[in-house]
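Below, each value reflects all heavy atoms present in this structure, side chains not excepted, and no hydrogens, waters or symmetry copies.
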Amino acid sequence: MRLRKTLYGLLACVSILFILYALVDNYVIDPGAERFVAQKTGLKRELNLPVWLTVMHVHVATACTALAAGLLNFSHRIFEKSRTFHRMNGYVYFVSVFVVVLTSGYMAPYATGGKISSIGFNTLNILWLFITIMAFVQIKKKRIIQHRNWMIRSYAFCFTNLVIHGIRLLLQGFGLVYATSYTIGVYGSIALLLVIPEIIIRSIGQFREVDKERLIQQK
């Protein structure tokens, strides 16, 4: 129980800080995305900046909504107090993910790094949508554990941007140029966002087995 609260507290801190950073950076510090757009070189499609910016702002807003909704639905306390809120908030998460994927699909052809990055983003979009749909299907079938596991996998993709830029910054530290390190970050994020949730799911399963053994011993 204590470990679960600690892990949730850590997740809440990371999620909230990421949401605040994304909102401040995209709507206050650099609403025109001038720094990011300046890195887009060799585009094969002409970038309609006003349209692209509108789509990007919708993308950021719904991504933050998905982050917040997912975080709330992982709260055991909220789940126990209001199953109705949990269910409705789940729909908010599902719709937010759909809009994020849709807007990302529009922006993919203009991705930093060109066509290779674009393919990577489309792969991310397909994976995230599939995983989220699987979570939805599992809860409709009343498979609670399977639903939770698929939601863990889905929620990991909310941190795609954080992982991409984390890898980018690391690689730039080794001398790689922005576009190259960004492209590697896109594909690196796919691997990490598929592997890390599986480690978490297995760890949760092991913790549950330990708790069961303790209860048996106490009896």
With rounding to the nearest 0.5 angstrom, report the [atom1] to [atom2] distance, [X] to [Y].
X: Asn161; Y: Arg168; atom1: CG; atom2: CZ; value: 9.5 Å
X: Phe74; Y: Leu7; atom1: CZ; atom2: CG; value: 12.0 Å
X: Ile190; Y: Ile164; atom1: CD1; atom2: CD1; value: 8.5 Å
X: Leu67; Y: Ser15; atom1: CG; atom2: OG; value: 5.5 Å
X: Met134; Y: Gln146; atom1: CE; atom2: CD; value: 9.5 Å
X: Leu49; Y: Glu34; atom1: CG; atom2: CD; value: 9.0 Å

Can you check whether [Y]'s main-chain N or O pairs, donor with acceptor, with [X]'s side chain at less than 3.5 Å?
X: Asn89; Y: Phe85; answer: no
X: Asp30; Y: Arg35; answer: yes
X: Thr180; Y: Leu176; answer: no
X: Asp25; Y: Tyr21; answer: no
X: His147; Y: Ala135; answer: yes

Locate the shortest heavy-atom distance separating [X] from [Y]; write the atom from each residue and the value.
X: Leu11; Y: Tyr155; value: CD1-CE2, 3.8 Å
X: Val51; Y: Tyr106; value: CG1-OH, 3.3 Å
X: Ile131; Y: Arg153; value: CG2-CB, 3.6 Å
X: Val55; Y: Met107; value: CG1-CG, 4.0 Å
X: Val100; Y: Ala63; value: CG2-N, 3.4 Å
X: Ser117; Y: Thr112; value: OG-O, 2.8 Å

(request) Using the ring-ring contact (aromatic ring centres under 6.0 Å, His included) rule, take Tyr182 and His165 through it: C-alpha gap first, then chi angles, then the decisive distance, then the call. (result) CA-CA 7 Å; Tyr182 185 87; His165 286 286; 5.6 Å; yes

Between [X] and [Y], is there a shared hydrophobic cluster once you connect ILVMFWY residues whose side-chain heavy atoms come closer than 4.5 Å?
X: Ile78; Y: Ile19; result: no
X: Leu194; Y: Trp150; result: yes
X: Ile16; Y: Val163; result: yes
X: Phe130; Y: Trp128; result: yes
X: Phe136; Y: Met88; result: yes

(request) State, without any angle test, whether Ser154 and Tyr93 hold a side-chain donor-acceptor pair at a distance under 3.5 Å. (result)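 Present: a donor and an acceptor within the cut-off.
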
(request) Verify the distance criterion only: is there a donor paired with an acceptor across the side chains of Thr62 and Ser96 at less than 3.5 Å? (result)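 There is no such pair between these side chains.
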
Neighbour count >12 (heavy atoms, 6.0 Å) for atom [atom1], [X]:
X: Phe18; atom1: CZ; value: yes
X: Leu23; atom1: CG; value: yes
X: Arg83; atom1: CZ; value: yes
X: Glu80; atom1: CD; value: yes

Less than 4.5 Å apart, side chain to side chain, heavy atoms only: is that true for [X] and [Y]?
X: Leu10; Y: Thr6; value: no
X: Thr160; Y: Cys158; value: no
X: Ile139; Y: Ile144; value: yes
X: Ile119; Y: Tyr187; value: yes
X: Val195; Y: Glu198; value: no
X: Met151; Y: Asn73; value: no
X: Phe159; Y: Ser189; value: no
X: Val60; Y: Thr103; value: no

(request) Given side chain to side chain contact (heavy atoms under 4.5 Å, CB included), test Thr132 with Phe98 step by step and report yes or no. (result) CA-CA 9 Å; Thr132 306; Phe98 180 79; over 6 Å; no

(message) Before you tell me yes or no, could you show the steps for Arg148 and Ile145 under side chain to side chain contact (heavy atoms under 4.5 Å, CB included), namely the whole-Å CA-CA distance, both residues' side-chain angles and the distance that decides it to 0.1 Å?
(response) CA-CA 5 Å; Arg148 183 207 64 196; Ile145 300 300; 3.9 Å; yes

